Structure formats: C-alpha cells, structure tokens
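Below is one structure, written out as structure tokens, with a few remarks after it.
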There are 2 protein chains.
Amino acid sequence: MDADDTRNRVLQAAGKIFAESGYELGTVREICEQAGANIAAVNYYFGDKKSLYLAACVEAQCVREGAVPMPEWPPGTPPAQRLRDFIHTFLRRLLEEERPAWHRQLMLREMATPTEACSQVVEDYIRPMALVLRGIVEELLPAGTSEVDAFLIGFSVVAQCLFYHINQPIASRLMGTDEYGRLTIDKLTEHITRFSLAALGYAAPLTRPAGQAEFVSHERAH
Amino acid sequence: MDADDTRNRVLQAAGKIFAESGYELGTVREICEQAGANIAAVNYYFGDKKSLYLAACVEAQCVREGAVPMPEWPPGTPPAQRLRDFIHTFLRRLLEEERPAWHRQLMLREMATPTEACSQVVEDYIRPMALVLRGIVEELLPAGTSEVDAFLIGFSVVAQCLFYHINQPIASRLMGTDEYGRLTIDKLTEHITRFSLAALGYAAPLTRPAGQAEFVSHERAH
DNA sequence: GCACGATTGAAACAAACGTTTGAATAACTG
DNA sequence: CAGTTATTCAAACGTTTGTTTCAATCGTGC
C-alpha cells in the first residue's frame, strides 16, 4: 500500500465532504470511510481534523489557481481589455464547473464564512488578483484619484463577480431556475465588463444600444 | 415568572449565540445558561433546536425590516433619486450597527451559507427589496430591454451593496483596517449610486469630475 | 382551598464525536 | 533473514450534544 495513496485518498475525500457539509458536519469517520482508510489515518497523516481541513483548503487553492491562470498581457494591451480578461478569469475561477467539484466549493465556503484556520489561504488566493485589478484600475483612472476611490471602484467590479458565486441560490430563485441556468460565463463577463467600463466612461451606458462605439475613445488627463 | 419572559430570554440568547457561532457550534446548553433558563425550556417553548433557530431568524428579519423601513416616495420622484434611497436603505440594513447586534449578524450568516430551514425567511427578506429595485430599474431602462438584462443590472447594484456585508474581512484586509473603518454608509451610498447611475447613463462617469452635472438629463425612448 | 394546567428543574439517556492506544501487519534496509 | 521503521487496525476513552423523562412547583380559575 502506497503511503502517498492513502494520504491522498483521505485528503480528496476530506475536500469533498468539507465542501459539501462544512467543517463541523463533515466527520472524520465519514471521511475515512469514503477514503477506504482507518480512522487513525487522520492523526497519522495530518495530526488532527483541523489540520486536515487546512490541507484541503491549501490543495483547493493551488488546484484552482493552476486550472485557471491569470492571463499575461503583451505590453500595450489597453486596460479596458485587461479588465475584460480579468473579469473573465475571475468568473471562471468562481463559476466554472470542474471535476472534481470540491475545490471550488470549498473556496466558496471559506469565502462565505471564513475560519481562522484558512484566513491566510483565502488571502493568498485573493491578494494576487487584487493586485492585478488594482493595476488595471489605476490605468483607467485619472491621476489624482484618491486611493480610497480606487479601492471602491475595484470593489465594485469584484462584487459583481462574487455575487454569482456566493448568492447563487437567492439569485436563481429571484430570476427563475431556468433563466438563471442559461447564464453563461461569457454572458456575465460581457455584462459586468460593460457595466463597469460604462461607469468609468470607457463604454456606452447600458441605456444606449450596445452597437454604438463600445470602447469610447478616452483621453486621460495625465 | 412570566412565560413570555422565559421564552423571549431564550430566543434572544439563541439569536446572539447563533449569530456569533452559527447553528452547529451554538449549543442548547450555552443558550439556556445565558438565558438563565433550564435546558428543557427549548423543547417546551420551541420543540427542538432547529425550530429555535428558525424562530431566531424570523425574529431577526422582522426586527431588521422594522428598524430600517423601505422609504415611500411621493409620486413623480425621479428613479435616480429612488435608486439612491434604495441603496442607502439596503446598506443601512446590511451595515448599520444596532443594539443588540445579532439580528444583522444572523441574517448575514444565513445569506452567506443558507440553511434549508431558513431559505423561506431569507427570501421573504430579499424579495420585497428585489421588487422595489426592479421597479426602479425598469424606469431607468429603455423600453424593449430584455428581462435578463434588467435582472443583471439589478444584480450589479445589489452585488455592490452585499459586498461590504459579506466580504468585510477580506476587504478590510486588502484596504487596511483603519482606512476601511473610515468608510461610512453615506460614502458607500454615494459611490455605489454614482457607479451604477454612470453605468446606466444617468451620471457622469467616475473618470470625470463629480462636480459636472451629476444627474445627466436623460431622454427615454418611450 | 382544590383541581387542573402551565412551567421549571435535575437527572438520565443514547448517540456521536475527535482522539488515543497498543498490537498487528507491512515495508524497507543491511 | 533479522531488525527497524512505517502503516494500519480495532477497541477504547472521555467529552459533548440534543433530547427525554417525570416529579416538583407555580399559576389560574372556580
């Protein structure tokens, strides 16, 4: 029996069960049963339940980041385009179905109700993206924009993406399950990008036909 | 000993503890100890723990709605102004400190990680606001706007408000605790209103000085 | 004051949980 | 092959939890 195999089986089962049921309701016995391992394996390989949970969160973060990497833009890429790509990437990380599904679901749980154990993991997940977005926003804004306003604008963009991740049950209910289920990542990307760029003056407002010049030529007061 | 008093003491203690610790970690023993009641009181007054939780959620919803009522607008109030008031009210419900604090915190928990027991309570909390917002958005949009787009626009507005409710720990960390702590509900109202109205063409984009005509005269294609 | 229903309290129950223990088994190395 | 280390297992431990039980006490109405 391969040691890495047992450890990994427990970790995968743990991720799945913690993602479905959360930390408290997910039990060590259930995890080990599903992993085909003895209950003492948790103590042997991870030390205790809490450390197993942390290991699962770290695994989820690594896999998710690796599966949907942040794009690399050639120099001179307009910030509006980079914003679109950022939103698309972020939405893919948040919403894209993957097999197995637990990585995304576990990160969702951790973001919705943070545990002390994984606050650093979540921050490691979020901060690189926050830095990318910050760079984009700074290029979109005129010089002299306050730091607070820049943050608020970034939050407004991120909030729209997170909404479909965190509030999916409520949104689905308000909109109707069928209609909501037809929303695609591309559709949401287009909407959020346009809403945000319009707010910043880089796209026509949503009350104007989208066929009009979508990217408004915009001179920056440098 | 007044029966309503014991029942109410248990309910208040439960709300507080469920808000702080969640359903699983909040124990019947701790609740009864804090309420100065015997453990059998839960079965006697509420039936079981789950029903006690439901009663606490219902209480939180009623109190919260009562404390921050949705405004009533005189006929002819411009939709942009109504949107501002809506956002302000919503933010107050989400963010405004109140004593005791558990009503808001419990609704936050329920919205972040919905339980089966309270999905109807949350919907009862959200749906009236969704209807108000929908009315406002429909007046802001040109005739012929698809229902899906109207929903997405409403979600974009709501998402920005919810962000400061649900993602407060992360946002605080990215922005710095001091800076974040200085954000007021009025400041957020101004930002979210302007971002949203600019996206819809009713305000100058955020890249233009706010001093310019803040409410853009807007003719609707009716 | 009495009867009845409401309320409260202490003790107990049964189940579940994370963790530990120590022996058995398997794997590895010289 | 023997010794050592690694891994696995079943049983047990101690604690906690929601719930139940039933008697005692309290409150109310006639």
Side-chain angles (χ1 to χ4, degrees), chain A residues 1-59 102 106 109-110 113-118 121, chain B residues 1-59 102 106 109-110 113-118 121:
Chain A
M1 186 66 77
D2 183 39
D4 283 346
D5 187 53
T6 300
R7 187 184 186 281
N8 189 54
R9 279 188 287 108
V10 171
L11 183 61
Q12 300 296 321
K16 186 167 185 295
I17 287 169
F18 284 142
E20 284 169 7
S21 313
Y23 180 74
E24 297 299 331
L25 287 184
T27 67
V28 168
R29 280 175 173 80
E30 190 186 356
I31 288 165
C32 292
E33 184 177 332
Q34 192 168 122
N38 182 273
I39 207 166
V42 169
N43 172 274
Y44 186 77
Y45 287 106
F46 299 98
D48 58 13
K49 181 184 181 183
K50 191 168 177 181
S51 303
L52 172 60
Y53 184 73
L54 178 61
C57 285
V58 170
E59 172 85 0
W102 68 264
L106 193 57
R109 265 192 192 274
E110 262 307 308
T113 49
T115 59
E116 287 288 344
C118 296
V121 178
Chain B
M1 185 68 79
D2 183 42
D4 283 345
D5 186 51
T6 301
R7 186 182 188 280
N8 188 53
R9 277 189 287 110
V10 171
L11 184 61
Q12 299 296 322
K16 186 169 186 289
I17 287 169
F18 285 143
E20 282 169 9
S21 311
Y23 179 74
E24 298 299 330
L25 287 184
T27 65
V28 169
R29 280 175 173 81
E30 189 186 356
I31 288 165
C32 292
E33 182 179 332
Q34 191 167 122
N38 184 272
I39 208 165
V42 170
N43 173 274
Y44 186 76
Y45 287 107
F46 299 96
D48 58 14
K49 181 182 178 181
K50 192 169 178 179
S51 302
L52 171 61
Y53 183 73
L54 178 58
C57 286
V58 170
E59 172 85 3
W102 67 263
L106 193 58
R109 264 192 192 276
E110 261 306 306
T113 48
T115 59
E116 287 287 343
C118 296
V121 177

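In what follows, every heavy atom counts, from backbone to side chain, and hydrogens, waters and symmetry copies are set aside. Remember, it's a predicted structure, so these values are computed and weren't measured experimentally. Numbered from 1 within each chain, the chains take letters A, B, ... in sequence-line order.
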Value in whole Å for how far the [atom2] atom of [N] lies from [atom1] of [X]:
X	N	atom1	atom2	answer
A:Glu24	D:dT16	CD	P	14 Å
B:Phe46	C:dT7	CZ	P	12 Å
B:Asn8	C:dT7	CG	C1'	16 Å
A:Glu33	C:dC17	CD	C1'	15 Å
B:Lys49	D:dT16	NZ	P	15 Å
A:Asn38	D:dT8	CG	P	9 Å
A:Asp48	C:dT19	CG	P	5 Å
A:Lys50	C:dC17	NZ	P	20 Å

Query raised in the report: So which heavy atom on A:Ala56 is nearest to which on A:Gly15, and how close?
Result: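 Closest pair (atom of A:Ala56, atom of A:Gly15, distance): CB-CA, 4.1 Å.
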Query - Gap separating the CD1 atom of A:Ile17 from the CG atom of A:Leu106, nearest 0.5 angstrom - result: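 With rounding to 0.5 Å, CD1 (A:Ile17) is 12.0 Å from CG (A:Leu106).
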**Report entry** Nearest-neighbour nucleotide for the A:Ala40 side chain, D:dA10, D:dG18, C:dG18 considered
**Finding:**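 For A:Ala40, the side-chain atoms sit closest to D:dA10.
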Requested in this report: When you get a sec, tell me which of C:dA10, C:dT20, D:dT8 is the closest nucleotide to the side chain of A:Thr6?
Outcome: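 Out of C:dA10, C:dT20, D:dT8, the nucleotide with an atom closest to A:Thr6's side chain is D:dT8.
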**Report entry** Contact under 4.0 Å: A:Asn43 side-chain N or O vs C:dT19 OP1/OP2
**Finding:**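 Checking C:dT19 against A:Asn43, no side-chain N or O comes under 4.0 Å of OP1 or OP2.
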Requested in this report: Respond yes when some side-chain nitrogen or oxygen of A:Tyr45 is under 4.0 Å from OP1 or OP2 of D:dT8, and no when none is.
Outcome: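 Answer yes for this pair, as a side-chain N or O of A:Tyr45 is under 4.0 Å from OP1 or OP2.
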**Report entry** Cationic N near anionic O, under 4.0 Å, A:Glu20 to A:Lys16
**Finding:**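 Salt bridge flag = yes for A:Lys16 with A:Glu20.
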Query raised in the report: With a 4.0 Å cut-off on heavy atoms, is A:Gly36 in touch with a base, just the backbone sugar-phosphate, or nothing at all?
Result: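 No contact at all - A:Gly36 keeps every heavy atom at 4.0 Å or more from the nucleic acid.
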Report task. May I ask you to check whether over 12 heavy atoms, not counting those of B:Glu24, lie within 6.0 Å of atom CD? Result ->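 Yes, because the 6.0 Å sphere around CD of B:Glu24 holds more than 12 heavy atoms from other groups.
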Query raised in the report: Of B:Arg29 and A:Gly47, whose closest DNA chain C nucleotide lies nearer the 5' terminus?
Result: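 Its nearest nucleotide being more 5', the pick is B:Arg29.
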Requested in this report: For B:Lys49 and B:Tyr23, indicate whether the former's side chain and the latter's backbone hold a donor-acceptor pair under 3.5 Å.
Outcome: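 Confirmed, B:Lys49 side chain pairs with B:Tyr23 backbone.
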Query raised in the report: Want to settle it: does A:Ile39 or A:Tyr44 sit nearer the 5' end of DNA chain D, counting the closest nucleotide to each?
Result: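 First, find each residue's nearest nucleotide; the 5'-ward one identifies A:Tyr44.
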